[in-house]
Engineer: 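Here's a structure for you.
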Amino acid sequence: MKKLKLYCVIIGNALNRRQSLFSFIIATKERYTDGVKWKFLEHKGPVFAPPYEPLPSNVKFYYDGKHMKLSPQAEEVATFFAKMLDHEYTTKDIFRKNFFKDWKKEMTSEERSKITDLKKCNFTEMSDYFKAQAEARKSKTKEDKLKIKEENERMLQEYGFCVMDNHKERIANFRIEPPGLFRGRGDHPKMGMLKRRIRPEDIIINCSKDSKHPVPPPGRKWKEVRHDNKVTWLVSWTENIQGSIKYIMLNPSSRIKGEKDWQKYETARRLKKCVDRIRNQYREDWKSKEMRIRQRAVALYFIDKLALRAGNEKEEGETADTVGCCSLRVEHIKLYPENDGQEFVVEFDFLGKDSIRYYNKVPVEKRVFKNLQLFMENKEPDDDLFDRLNTSILNKHLQELMDGLTAKVFRTYNASITLQQQLKELTNVEENIPAKILSYNRANRAVAILCNHQRAPPKTFEKSMQNLQTKIDAKRDQLADAKRELKSAKADAKVRRDEKSKKYRIEEQLMKLEVQATDREENKQIALGTSKLNYLDPRISVAWCKKMGIPIEKIYNKTQREKFAWAIDMAEEDYEF
DNA sequence: GCGCTGACTTAGCACAACTTGA
DNA sequence: TCAAGTTGTGCTAAGTCAGCGC
């Protein structure tokens with residue numbers, strides 16, 4: 001009864017934070033213990049990519065120096081390549097090979113017999129045409145830009161929301177991925193392949209029986225309409241490169257995602273309570289008689305100490321050659337009994353998720369070192385380091401140690417606890433706001449380094465650094481002037497006061513610039529966003545802001561505040577992870 | 001156990017949108 | 001007011017992990 005009453009309140013005012021927080025707790029504790037994710041789900045279905053518009057006749061394609069009119073299908077695929085002409089991708093052999101193979105499939109038999117060598121294809125007119133179009137888009141008038149904006153807004157309002165259990169929720173990706181050329185990361189064997197256009201007939205709709213079902217475009221059909229309330233997705237289709245399923249799901253601000261996120265951090269907090277026991281256990285296991293247990297224990301030590309990912313097996317030749325902890329190979333580590341004055345050093349060098357390089361030299365305990373020597377005995381470089389271990393074995397073991405424990409919980413736990421410790425260590429209530437924020441970013445950075453969240457240095461980095469330095473120099477000159485003026489303004493008390501406050505103001509500005517420069521330099525190759533969004537319990541940041549008198553807007557932008565609304569609502573100043 | 005698949009989270013990059021200072 | 005620089009958002013690839021059938 002009480003529950004029912006609450007729901008009514010929620011329906012009446014779905015956007016009221018306090019109330020949605022209640023529904024949140026109810027949902028987690030009472031409503032969905034049986035894998036049911038919702039009772040009611042209604043939406044408008046996906047937005048398809050716009051149909052292909054053939055090129056104007058003056059934009060020509062040349063083969064072997066001669067103009068050649070392509071069939072619409074072949075032309076469309078050619079434009080995908082033309083649009084990427086300036087990208088390094090198009091110079092890579094695999095990319096070109098894959099593209100050409102798939103392009104030929106789209107050609108008429110006549111085209112296929114003529115076009116036999118990609119090197120003889122000239123796409124430059126197409127490429128120039130698209131560049132001109134992009135330029136034209138940029139230089140549109142204010143009114144035109146506003147019109148586009150309004151149209152986008154209209155689409156968002158129509159397709160960007162759904163109703164799930166009495167809440168109107170934002171959908172994350174309501175637009176179907178347009179066709180194009182597949183761009184894998186790193187050395188992907190499938191780069192350049194044609195990602196085909198998705199049609200209504202490829203689409204599975206998921207919604208509740210008693211909802212208004214989404215309508216396919218006129219004269220078309222959905223592949224299937226199902227009513228599976230044990231899953232959270234609204235739309236799915238099978239992608240043609242890997243044959244995997246893609247989904248349309250809800251925005252991170254939605255109840256269903258927020259709840260899950262909250263749960264994730266609660267699991268990490270439970271790990272905090274038993275991590276000492278687990279650490280003692282794996283240290284004991286280093287001595288085990290059984291090889292499989294020693295391997296498990298050393299791997300777990302790496303996952304815990306270095307925040308490595310679990311490392312599932314991957315199908316060879318289907319994806320880029322990347323590894324995580326359990327899939328490390330002998331060639332990925334080097335052992336140094338002594339290195340730079342430290343004993344038992346392990347050097348890691350491998351490509352992880354997204355082909356981001358993990359390079360680290362770490363001193364380890366002697367037992368770990370000896371075990372690693374043992375694991376590597378009589379093995380080839382491309383043999384598995386942990387040949388008696390995989391993620392499934394590891395996670396089964398972890399499950400026995402703590403309910404809900406898996407390898408990735410260690411990343412969440414270590415990231416969040418590091419942030420909390422670093423914030424305690426680095427920040428001082430006495431400092432001013434820019435200094436506090438620099439400290440926050442430094443704490444955030446410690447986590448990003450731990451998790452190896454890298455980014456390519458921004459293209460404009462050097463220049464923007466230089467600009468900042470110029471500003472700092474100018475500000476220093478200004479400060480020197482102000483100091484001189486203050487000195488010479490001895491007699492008049494009022495003038496003195498004014499000069500003093502001016503000097504103070506300039507000092508503040510200078511400090512702010514210097515802090516900004518430090519922050520930016522330290523951030524050159526480190527991405528803070530990923531850890532902020534996925535690994536750091538937002539309640540730690542909310543509590544810190546409250547304690548330090550920092551407005552939450554300084555730490556989280558609008559999107560982030562929406563995602564972490566539950567935490568902003570929940571966490572008090574004394575929150576402890 | 002073992003391989004496979006589906007569902008869901010995590011990830012970096014490209015580009016659009018906004019901000020700032022000349 | 002505009003270009004340059006900076007930040008935010010969208011996109012979609014690439015992971016993790018549970019569950020299933022054998």
Side-chain angles (χ1 to χ4, degrees), chain A residues 35 37 84 87 134 137-139 142 145 148-149 152 156 160 172-178 180 182-186 188 190-191 195 204 206 228 230-233 236 238-239 241-252 256-257 260-261 263-264 309-315 318-320 322-327 351-356 390-396 398-399 404-409 411-412 415 448 451-456 458-461 463-468 470-471 474 516 520 525-535 556-560 562-563:
Chain A
K37 304 286 170 52
M84 298 173 82
H87 204 286
R137 221 174 305 128
K138 264 190 232 156
S139 52
K142 247 188 190 161
K145 280 186 182 167
I148 296 170
K149 207 176 168 184
N152 283 337
L156 175 68
N173 53 325
F174 58 92
R175 285 171 204 277
I176 299 271
E177 296 170 21
F182 176 76
R183 310 149 82 124
R185 315 247 166 93
H188 197 115
K190 298 193 171 180
M191 62 167 84
K195 225 174 83 163
I204 302 175
N206 193 33
D228 182 356
K230 300 257 166 80
V231 297
T232 66
W233 54 267
S236 76
T238 302
E239 150 273 339
I241 304 289
Q242 324 270 2
S244 65
I245 307 170
K246 298 240 174 169
Y247 304 93
I248 291 182
M249 289 187 189
L250 295 194
N251 195 72
I256 206 147
K257 295 286 182 188
K260 202 69 190 301
D261 210 32
Q263 247 178 51
K264 173 179 81 184
R309 295 188 185 82
N312 284 310
E313 298 100 299
K314 300 173 74 185
E315 221 176 318
E318 294 291 301
T319 56
T322 62
V323 297
C325 186
C326 294
S327 51
L351 297 182
K353 181 176 178 178
D354 291 321
S355 294
I356 296 289
N390 60 39
T391 53
S392 155
I393 296 172
L394 181 66
N395 280 333
K396 268 185 199 125
L398 292 175
Q399 190 58 239
L405 186 61
T406 63
K408 86 187 183 82
V409 178
R411 250 167 103 79
T412 312
C451 295
N452 200 40
H453 291 142
Q454 297 187 32
R455 62 165 184 177
K459 285 182 190 94
T460 54
F461 185 83
K463 200 163 162 232
S464 98
M465 239 16 232
Q466 253 171 30
N467 290 348
L468 200 51
T470 313
K471 274 195 212 166
Q516 207 185 341
R520 193 175 300 174
Q525 300 196 65
I526 298 166
L528 299 187
T530 307
S531 50
K532 210 180 204 176
L533 234 44
N534 300 303
Y535 289 103
Y556 290 139
N557 66 31
K558 188 168 139 278
T559 323
Q560 293 164 340
E562 281 167 9
K563 167 164 178 168

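Here is the naming used below: chain letters follow the sequence lines, and residue numbers restart at 1 for every chain. No experiment lies behind these values; they were computed from the predicted model shown.
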Engineer: Which residue, A:K558 or A:P178, contacts DNA chain C at a nucleotide closer to its 5' end, judged by nearest heavy atom?
Structural biologist: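 So the residue in question is A:K558.
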
Engineer: Taking atom P of B:dG12 as reference, at what distance in whole Å does atom CD of A:Q454 sit?
Structural biologist: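 Answer to the nearest Å: 8 Å.
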
Engineer: For A:G243 and for A:S531, find the nucleotide of DNA chain B with the closest heavy atom, then tell me which residue's nucleotide is more 5'.
Structural biologist: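 The residue whose closest nucleotide sits nearer the 5' end is A:G243.
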
Engineer: Do A:I356 and A:N452 have side chains that approach each other closer than 4.5 Å (heavy atoms only, starting at C-beta)?
Structural biologist: yes

Engineer: To the nearest Å, how far apart are A:I148 CD1 and B:dA16 P?
Structural biologist: 11 Å

Engineer: What does the 5'-to-3' dot-bracket notation of DNA chain B look like when only Watson-Crick and G-U wobble pairs under 3.5 Å count, and pairs to other strands show as |?
Structural biologist: ||||||||||||||||||||||

Engineer: Does a side-chain N or O of A:H87 approach OP1 or OP2 of B:dC13 to a distance below 4.0 Å, or not?
Structural biologist: no

Engineer: Can you tell me if the side-chain N/O atoms of A:K37 get under 4.0 Å from OP1 or OP2 in B:dC8?
Structural biologist: yes

Engineer: Roughly, in whole Å, what's the span from OH in A:Y247 to C1' in C:dG10?
Structural biologist: 21 Å

Engineer: Nearest whole Å is fine: how far is C:dC17 P from A:K396 NZ?
Structural biologist: 13 Å

Engineer: Should A:E239 and A:E177 count as side-chain neighbours, where that means a heavy-atom distance under 4.5 Å?
Structural biologist: no

Engineer: Between atom CD in A:E313 and atom P in B:dC4, what is the gap in whole Å?
Structural biologist: 11 Å

Engineer: Between A:I204 and A:W233, is there a side-chain heavy-atom distance shorter than 4.5 Å?
Structural biologist: yes

Engineer: Any non-hydrogen side-chain atom of A:L533 less than 4.5 Å from a side-chain atom of A:Q560?
Structural biologist: yes

Engineer: With a 4.5 Å cut-off on side-chain heavy atoms, are A:K246 and A:I176 touching?
Structural biologist: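 No, too far: nothing below the 4.5 Å cut-off.
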
Engineer: Regarding A:T232, tell me which of base, sugar-phosphate or nothing describes its non-hydrogen contacts under 4.0 Å with the strands shown.
Structural biologist: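 Sugar-phosphate only.
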
Engineer: Which whole-number value in Å describes the distance from A:K532 NZ to C:dG8 C1'?
Structural biologist: 12 Å

Engineer: Within this structure, what is the NZ-to-C1' distance between A:K230 and C:dC20, rounded to whole angstrom?
Structural biologist: 15 Å

Engineer: Evaluate the ring planes of A:H188 and A:F182, with Trp represented by its six-membered ring, and classify them as parallel (under 30°), tilted (30 to 60°) or perpendicular (over 60°).
Structural biologist: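 Correct class here is perpendicular.
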
Engineer: Flag the pair A:K353 / A:T322 as yes when at least one side-chain heavy-atom distance between them is below 4.5 Å, and no otherwise.
Structural biologist: no

Engineer: Let me know the distance between CG of A:N557 and C1' of C:dG10, rounded to the nearest Å.
Structural biologist: 13 Å

Engineer: Looking at the side chain of A:K408, which of B:dA11, C:dT16, B:dA7 is the nearest nucleotide?
Structural biologist: C:dT16

Engineer: Among B:dG12, B:dC8, C:dG8, which is the nearest nucleotide to the side chain of A:T530?
Structural biologist: B:dG12

Engineer: Is there a side-chain polar atom (N or O) of A:T406 under 4.0 Å from OP1 or OP2 of C:dC17?
Structural biologist: yes

Engineer: Indicate whether OP1 or OP2 belonging to B:dT9 is found under 4.0 Å from a side-chain N or O atom of A:Y535.
Structural biologist: no

Engineer: Look at all strands and tell whether A:I356 reaches a base, only sugar-phosphate, or nothing, counting heavy atoms closer than 4.0 Å.
Structural biologist: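 Touches sugar-phosphate only.
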
Engineer: Between B:dA11, B:dG6, B:dC8, which nucleotide has the shortest distance from any of its atoms to the side chain of A:N534?
Structural biologist: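 So the side chain of A:N534 is nearest to B:dA11.
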
Engineer: Just jot down the side-chain hydrogen bond (donor to acceptor under 3.5 Å, both in side chains) partners of A:K264, sequence neighbours excluded, or say none.
Structural biologist: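 Applying side-chain hydrogen bond (donor to acceptor under 3.5 Å, both in side chains) to A:K264 gives A:D261.
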
Engineer: Within a strict 4.5 Å, meaning less than it, do heavy atoms of the A:C451 and A:T530 side chains meet?
Structural biologist: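 Answer no - side chains too far apart.
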
Engineer: Would you mind reporting whether A:E318 and A:K190 have side-chain heavy atoms less than 4.5 Å apart?
Structural biologist: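 The answer is yes; the side chains approach within 4.5 Å.
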
Engineer: Nucleotides 13-15 of chain C: which of its N/O atoms have a protein N/O under 3.5 Å away?
Structural biologist:
unit_1, atom_1, unit_2, atom_2, d
C:dA13, OP1, A:K195, NZ, 3.2
C:dA13, OP2, A:K246, NZ, 2.3
C:dA14, OP1, A:R185, N, 2.7
C:dA14, OP1, A:H188, ND1, 3.3
C:dA14, O4', A:D354, OD1, 3.4
C:dG15, OP1, A:T322, OG1, 2.9
C:dG15, OP1, A:D354, N, 3.1
C:dG15, OP2, A:K314, NZ, 2.8

